[in-house]
Number of protein chains: 2
Amino acid sequence: MSMQTSVNIKSFSEDTRKSLLSTAGEVFAEFGFHAATVREICRRADVNVAAINYHFGSKEELYLQVLESAHNEAARKYPYAASKDEPPEKRLEGFILSFMQGFLDKGRASWHGKLMAREMVEPTVALKRMVERTIRPRNVFLTEAVREIMGGKFSDEEIARSVFSIIGQCLFYSHASAVIARLKPEINCGADGAGQTASHIIRFSLAALKHMPLNKKGVTPFEGVTPFDGAK
Amino acid sequence: MSMQTSVNIKSFSEDTRKSLLSTAGEVFAEFGFHAATVREICRRADVNVAAINYHFGSKEELYLQVLESAHNEAARKYPYAASKDEPPEKRLEGFILSFMQGFLDKGRASWHGKLMAREMVEPTVALKRMVERTIRPRNVFLTEAVREIMGGKFSDEEIARSVFSIIGQCLFYSHASAVIARLKPEINCGADGAGQTASHIIRFSLAALKHMPLNKKGVTPFEGVTPFDGAK
DNA sequence: AACAATATCAAACGCCTGTTTGAATGTCAA
DNA sequence: TTGACATTCAAACAGGCGTTTGATATTGTT
């Protein structure tokens, strides 16, 4: 291993590593794992193309280490978990705002959130780890708040689906940003609109959680109705 | 082989075209435009690799024609638009169920819905056309129903965001299916669970639309509060 | 039957990808 | 300085991609 003793004016090794890690986070967050190319990463980091394989072994291993460091960085920056003794509504509020900032913000702070949003749509080998390490804990936290808000009359499945409904609203602004920009360019859905967006999702979701009717067992709203079978 | 008697057993020209169009729809819906390869399409269609460029000119042109025919097919199969004289709640119900079936169903029927969901996350040259041809009309239809349900007290932006909240809930089951499978495998989120899923989204959304509080102008729930600034 | 137009085919092309190579350079300990 | 090691570099590699080619086979028309 390297580890030169004493101080070095130029300790290239560590510099190149860190530079690559940082630049790769930027490029992966921008293009996703598959569309990002090692040549683009190395060009931005101003290092030779061979550097990635020398320092990390492969593009995939670099990606995994980027996720690792981005995770740690994000965990410091966005500790979504408000203290447990806050009322569930406050916890939900806090979660939604920090969750959305986590992928709408600009700069390194949002890399992990963007990578997570991409990993959902276009999974890589990292998905399993990301689910257990990041997504499941957040899901548990959110589920507990939602359960308290909804009261005791709903099944676990209904609660889980309500959590999905909340997350789905949030992720829409990440996954469908290209469509939003074309469809409703007047709506501020970027980083500076995160507060507005979160505010709407919170009001929408709290109203839903507090007023959603029970699902009549065995009866869907469409039972016996085929209103959209226009084609034969 | 024998007996090429009478009518052509193989009328290659049109057959190859249609076979390619159909197979390409399947492969594009499964992998998306970029990840799908012309070699895989041709392999499944059992035609030579040169066939795509001979009959369509390019992979991209094939994709555009696949979208065209998938659009027409889906428009016949899922005429989401319930008649305008139905109450808005019924129109919303109908839209959500048929929208979700549009990408959760199996087989050709769902190709257009799947391609649309992919196009949102990973736009191609086809996005603009898809927005104007499919997404915007649906958005208008849904917006009108939502506006009627919410009453006259909300701004256009609040209504548009509420539409996003509904669409976002639906698309979550398409965009995050890999995560759902890992996180909550017990929940039925596939084609046969579309009714359940739609039912939940409808109840959740109707409750939200009917009980959502007005946004106090200039005051977000977080005004002056920085509860998640854990890092310095 | 014979010709011209159309369609299929195996093979190759040019490009881009992640990765490897082997020589050159830099760094530290003796 | 010397030798050993770590790092950088230009260049090449192997493989996949969409596409093109030129020969071959099939079709429609006369």
Side-chain angles (χ1 to χ4, degrees), chain A residues 1-28 30-67 122 124-126, chain B residues 1-28 30-67 122 124-126:
Chain A
M1 297 311 187
S2 56
M3 286 296 104
Q4 292 100 339
T5 62
S6 75
V7 269
N8 308 326
I9 310 272
K10 312 170 131 193
S11 171
F12 282 92
S13 75
E14 274 309 291
D15 283 359
T16 315
R17 248 192 83 94
K18 285 180 178 168
S19 172
L20 271 176
L21 217 46
S22 176
T23 310
E26 177 184 307
V27 177
F28 282 137
E30 190 173 340
F31 299 103
F33 174 73
H34 287 108
T37 70
V38 304
R39 279 177 171 82
E40 173 66 11
I41 294 169
C42 292
R43 193 190 59 77
R44 291 198 197 184
D46 197 34
V47 304
N48 189 271
V49 280
I52 285 180
N53 289 274
Y54 178 78
H55 287 281
F56 297 92
S58 68
K59 177 190 180 185
E60 187 175 294
E61 190 58 36
L62 169 62
Y63 179 67
L64 292 174
Q65 298 210 25
V66 163
L67 282 184
E122 193 184 15
T124 73
V125 291
Chain B
M1 304 311 182
S2 61
M3 292 294 142
Q4 301 232 3
T5 63
S6 68
V7 202
N8 301 334
I9 304 195
K10 308 168 145 196
S11 171
F12 285 92
S13 75
E14 273 310 291
D15 283 358
T16 313
R17 248 193 82 94
K18 285 181 178 167
S19 172
L20 270 176
L21 217 46
S22 176
T23 309
E26 177 184 306
V27 176
F28 282 137
E30 191 174 337
F31 299 103
F33 174 73
H34 286 108
T37 70
V38 305
R39 280 176 171 83
E40 173 65 12
I41 294 170
C42 292
R43 194 189 60 77
R44 289 199 198 182
D46 197 33
V47 304
N48 189 272
V49 280
I52 285 180
N53 288 275
Y54 178 77
H55 286 281
F56 296 92
S58 69
K59 177 190 179 185
E60 187 175 292
E61 190 57 37
L62 168 62
Y63 178 68
L64 292 174
Q65 298 210 26
V66 162
L67 282 184
E122 194 185 13
T124 73
V125 290

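Just so it is clear, the structure is predicted and the values come from calculations on it, not from any experiment. Residue numbers start from 1 in every chain, and the chains themselves are labelled A, B, ... in the order their sequence lines are given, proteins ahead of strands.
One interatomic measurement links the two molecules: CG of D46(B) to P of dA10(C), which rounds to 10 Å at whole-angstrom precision. With rounding to whole Å, N53(A) atom CG is found 14 Å from dT7(D) atom C1'.
Annotation: cation-pi geometry satisfied between K59(B) and F33(B) (NZ/CZ under 6.0 angstrom from ring centroid, within 45° of ring axis).
Side chain of T23(B) to backbone of S19(B): a donor-acceptor contact under 3.5 angstrom is found.
A heavy atom closer than 4.0 Å to some atom of DNA chain D occurs in S58(B), K59(B), these being the qualifying members of residues 57-67 of chain B. Taking every heavy atom of residues 32-39 of chain B and every atom of DNA chain C, pairs under 4.0 Å involve R39(B), by number.
Taking every heavy atom of both residues into account, N48(B) and C42(B) meet most closely at O-SG, 3.5 Å. Nearest heavy atom pair, residue A36(A) against residue F28(A), reads CB-CD2, 3.6 Å. Between L20(A) and L62(A), the closest heavy-atom pair is O-CD1, 4.5 Å.
Remark on the helix from dA1(C)-dT30(D) to dA30(C)-dT1(D): inter-end axis angle 0°, axes from five-pair C1' superpositions, rounded to 10°.
Here the CD-CZ distance, from Q65(A) to R17(A), works out to 5.0 Å after rounding to the nearest 0.5 Å.
Not a single donor-acceptor contact under 3.5 angstrom links the side-chain atoms of N48(B) to the base of dA7(C).
Between H55(B) and dT8(C) there is a side-chain N or O to OP1 or OP2 distance below 4.0 Å.
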